[in-house]
Structure formats: C-alpha cells, structure tokens
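Could you have a look at this structure, given as structure tokens, before my questions?
The figures that follow rest on heavy atoms only: side chains count, while hydrogens, waters and symmetry mates do not.
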Amino acid sequence: MNRTLIAVAVLSLAFPLVAAAQSTTETAILSIPMNAHEVHSLIKSAHSSAEYKQIAGYFHQQEAVYRAKAANEKVERDRLSRVNAGRYQKYPRPVDTAQYRYESYVSSADSAALQARHYDQLAADVTDHDRQFATASQGKP
C-alpha cells in the first residue's frame, strides 16, 4: 500500500515537471541567440526589415556583453591602481594590462553599437520604403 502511494505521488509530481521542462526547452530553442557565423550569413542575404532587426538585435546583445566586460575590467583596474607595489613592478604592470583590456572592451562595445544603429536604420528605411510603395501602388489601377 505504501509503495503504491509513493509511486502515485512521484508520478503526480513528475508529469507537471516534465511538461514544464519541455516547454522551457522549446522556448529556449526559440530564443537561442545567434552566433557570429549565423549573423554573417544573414548579413549576406538580408533584405527584409525583420532580418535587419534580427541582425541589429545581435549587435545590441554584443554591445551589452562588451559593456559588462568593460565594467568588470574597470573595477579590476581600479582595484589594481590602489596597490602600492606599482612602482616596483615591471612594465606592463597588471594595472596597465587591465587598462588595455578595459579600452578594448569599450572599443568593441562602441563598434557593436555602431553596427546595431546601422542595421536599425536599415530596418527603418526598408519599413518606410515598403509603406511608401504600398500607398503608391494603391492609387494605381
């Protein structure tokens, strides 16, 4: 009797958890971020507003990643700059390396932001062009 109750309890808890895991997996598959290779191939063939928005979303995501890395590196750079042993360290000192990495991340973030802005503008231009084309073609017989 106890084994039956335990089995029923386990199964009654397992089915909702399996269903939740499947739905989470399905949504994760739909929201998987694009990798650089996929974006590169999409850039070559992009013609619609949705494709340009997808590319811009990738670059916005890359900008956020690089800004986060830059913020972490800035904290590390500030921590290393407070160390008094800086005079006795050989060049490049750890604080110099942290500064170079910080500047590199900021530069990469700025570049990604510029690319995102470019593809956002392309998406807006395609949308405007499609809207103008639709209104112009409605007036013609």
From Met34 CE over to Phe59 CZ, what is the distance, rounded to the nearest 0.5 angstrom? 9.0 Å
Examine Val95 and Tyr102 and state if one hydrophobic cluster contains both, with Ile, Leu, Val, Met, Phe, Trp and Tyr joined whenever side-chain heavy atoms are less than 4.5 Å apart. no
Under 3.5 Å, which donor-acceptor pairs link side chains of residues 35-47 to any protein atom two or more places apart or in another chain?
residue : atom : partner : partner atom : Å
Asn35   : OD1  : His37   : N            : 3.2
Asn35   : OD1  : Glu38   : N            : 2.8
Glu38   : OE1  : Asn35   : N            : 3.2
Ser41   : OG   : His37   : O            : 3.4
Ser41   : OG   : Glu38   : O            : 2.9
Ser45   : OG   : Ser41   : O            : 3.3

Step by step, work out the side-chain contact (heavy atoms from CB on, under 4.5 Å) result for Gln62 and Tyr66. CA-CA 6 Å; Gln62 289 299 308; Tyr66 284 122; 3.8 Å; yes
Can you find a side-chain donor-acceptor pair between Asn72 and Glu76 that sits under 3.5 Å?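 There is no such pair between these side chains.
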If two hydrophobic side chains count as joined below 4.5 Å and joins carry through other members, does Val106 share a cluster with Val65?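 No: no chain of side-chain contacts under 4.5 Å links Val106 to Val65.
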How many angstroms lie between atom CG of Leu80 and atom CZ of Arg93, to the nearest 0.5 angstrom?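 Here the interatomic distance stands at 10.0 Å.
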Would you call Asp110 and Arg67 a salt bridge, using N to O less than 4.0 angstrom? yes
Within the distance-only criterion (no hydrogens, no angle test), does the side chain of Ser107 pair as donor or acceptor with the backbone N or O of Glu103 below 3.5 angstrom? no
Which pair of non-hydrogen atoms, one from Ala123 and one from Lys53, has the smallest distance, and what is that distance?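 Taking every non-hydrogen atom into account, CB-CG, 3.7 Å.
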Within a strict 4.5 Å, meaning less than it, do heavy atoms of the Gln115 and Tyr119 side chains meet?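 Result yes, sub-4.5 Å side-chain heavy-atom pair found.
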When rounded to the nearest 0.5 Å, the distance separating CD of Glu73 from OG1 of Thr97 is 9.0 Å
Nearest 0.5 angstrom please: Asp120 CG to Arg117 CZ, how far? 9.5 Å
Point-to-point distance, once rounded to the nearest 0.5 Å, from CD of Glu63 to OG of Ser108: 11.5 Å
State whether the side chain of Ser81 and the backbone N or O of Asp78 hold a donor-acceptor pair below 3.5 Å, judged by distance alone.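 Between the backbone of Asp78 and the side chain of Ser81 there is a qualifying donor-acceptor contact (under 3.5 Å).
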